[in-house]
Amino acid sequence: MIEDNEYRRQRLANLAELEKRGYRGYGGAYPRTARLAEIHADFVEGREVRAAGRVMAIRHMGKSLFAHLQDGSGKFQIYLKKDILGDEAYESFRFVDLGDQIGAEGVLFKTRTGEPTIQVRSWTLLAKSLRIPPEKWHGLQDVETRYRRRYLDLMANPDVVERFVKRAAILREIRAFLDGRGFLEVETPMIQPLAGGAAARPFETYYNALNARMFLRIAPELYLKRLLVGGFDRVYELNRNFRNEGLDRSHNPEFTMLEVYAAYGDLRTVQVLVQELILHVAQCVVGGWTVGPPERPIDLTPPWREVPYADLIREVAGADWDTLEVAAARLRAQGMGLDIPEDWDKSAITHEIYEKLVEKTLRTPTFVTRLPSVLIPLARRCDDDPNVVDVFELVIDGREIAPGYSELNDPLEQRRRFEAQADGDASKVDEDFLLALEHGMPPAGGMGLGVDRLVMLLTGADSIRDVILFPQMKEKGG
RNA sequence: GGGCCGGUAGCUCAGCAGGUAGAGCAUGUGACUUUUAAUCACAGGGUCGCGGGUUCGAGUCCCGCCCGGCUCACCA
């Protein structure tokens, strides 16, 4: 149901009036000399140009008027003078409203105050806007409207445009970096019969033609590893994952993930790689290694700290933490202000300490290594200690940005871990993946990088909704 | 899911102790041929998120609901 109001009726009347005067309300292509920012950059007094854009401001001054046009590149001022345009074309402009798309041609000049301007000789309507654009000075502030109707946000708020332009640059530079190092970009299934590669609730769907229940992927990992078996020894995938879980400032149900695998390498290979990757992208996009919101800048300058999980725990929980029995550990954790249920085991209590008291405090880039194997079923155990796996978690600004593993390539061990995880439900074991592993997957290092979180870090956004064009929202009134 | 805060004109926001709903921008009319948050004069514009209740009277107080933000929890 289209909501009507006096403004819309007025604009419909203006549209009818313009059509009566021979303008088309919704015209076709309008070839331009260049985009507005390019016309600005190549300004030559007296040059003939054709330009197009959305009318963002009109200043009537009797027999002449100034207006600003905006396109995807920027803004440009136009000047309409009655004695140059002629009475009819000038009078018709009275029926142009803020927000209309128009085309104009004329001659470049500079005003008294030095602003580059087009002296318009003729103009045409390209699309009539039936709705008032957001307010010119304050822009669009209401966050709900900004997320639900992003086009208004983009129209009104240049800093939002800039952030999404940066997002595009980040994606481009990730690809440029990896392509330059011989990694092959691949696309693997997003619709999967089993949602593996991570621990998360999947979205379920149904494929009619195959009469089969399917899932949207929660990770591409198990398919990328099949490619390692096949011989693609450096691969990456940069695309969407879907997780059927809560929404908050750092979680959207669909989010963008980079996964990279380097055969014949290990944890170290991808650890070096991810550091170089992030530094490269920061340099290209931010122009330096100081990133994050202005009020709490983060310095990415290497070397980045590397520290085992257990050391971090001992730093806050005491040097004797490893020797404590469960009951004593629970008491100590409670003494540190944590709420610990009675049935938790030692590793759960330890991880609670990590998540609540350690991770948040790691602001500058930190590789946390040697995590407990119970936390990560797909990684290789450390040769010197089977209780921990050969992984890192890269934490920046208190958030996990990128995990990296020495990948498990032993099919027998992988089967045992899957079976333990499936807890007796054989249908949850990915036999197809295990079959691939049995053909021999080369040893490999692999890592994942939460791209939305990287964009947040590099653009100083503190909500994931500010780096996703159309974030998930509840239906209103549904 | 809990707690706190918010939803008033197209947009940005005021609205006191319960007493006819306000401003700026935008819109309309008029003036103005180098303005740029143009300026000047006048005018129009409201389901105060939705539904109940209290009251002579509710934007304002109470209850329920919807949507959003922050936060805590859950979700490894």
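Residue numbering restarts at 1 for every chain, and letters A, B, ... go by the order of the sequence lines.
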Criterion ring-ring contact (aromatic ring centres under 6.0 Å, His included) on F215(A) and F203(A), from CA distance to verdict: CA-CA 6 Å; F215(A) 301 93; F203(A) 284 95; over 10 Å; no

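By the 5.5 angstrom centroid cut-off and the 30-degree plane limit, Y7(A) is classified as not stacked against the base of G10(B).
The nucleotide whose nearest atom lies closest to any side-chain atom of H138(A) is, among U29(B), A76(B), U12(B), U12(B). Side-chain proximity of M61(A) to the nucleotides C67(B), C74(B), C32(B) is greatest for C32(B).
Between the base of U34(B) and the side chain of R112(A) there is no donor-acceptor pair shorter than 3.5 Å. Taking 3.5 Å as the limit, the base of G10(B) and the side chain of E6(A) contain no donor-acceptor pair of atoms between them. At a cut-off of 3.5 angstrom, counting only N and O atoms as typed in the model, there is a donor on one side and an acceptor on the other between the side-chain of T111(A) and the base of U35(B). A donor N or O paired with an acceptor N or O is found under 3.5 Å between the base of U33(B) and the side-chain atoms of D83(A). Put simply, the side chain of E115(A) and the base of U35(B) share no donor and acceptor less than 3.5 Å apart.
Contact check, R465(A) against G69(B): a side-chain N or O comes under 4.0 Å of OP1 or OP2. In terms of phosphate contacts, R8(A) brings no side-chain nitrogen or oxygen within less than 4.0 Å of OP1 or OP2 of U27(B). Contact annotation: R59(A) side-chain N/O to A38(B) OP1/OP2 distance is under 4.0 Å. Listed pair K136(A) / A38(B) meets the phosphate criterion, a side-chain N or O lying under 4.0 Å from OP1 or OP2.
By the 30° and 60° cut-offs, the orientation of the rings of F109(A) relative to Y79(A) is tilted. Using bins of under 30°, 30° to 60° and over 60° for the plane-to-plane angle, the ring pair W123(A)/F93(A) lands in the perpendicular bin.
Following rounding to the nearest Å, K474(A) (NZ) and G68(B) (C1') show an atom-to-atom distance of 10 Å. For the pair H60(A) NE2 and C32(B) P, the computed distance is 14 Å after rounding to whole Å. With rounding to whole Å, W137(A) atom CH2 is found 16 Å from U12(B) atom P.
Heavy-atom neighbours of L469(A) CG from other residues, nucleotides or ligands within 6.0 Å: above the threshold of 12.
As the counterpart of U34(B), no nucleotide is assigned, since no Watson-Crick or G-U wobble pattern has both distances under 3.5 Å. The partner of A73(B), taking Watson-Crick or G-U wobble pairs whose two distances both stay under 3.5 Å, does not exist in any strand shown. A41(B) is paired with U29(B) under the criterion used here, namely a Watson-Crick or G-U wobble arrangement in which both key atom distances are under 3.5 Å.
The closest side-chain donor-acceptor pair between R249(A) and S463(A), if any, does not fall under 3.5 angstrom.
Taking the P atoms as reference points, G19(B) lies 33 Å from C40(B), given to the whole Å.
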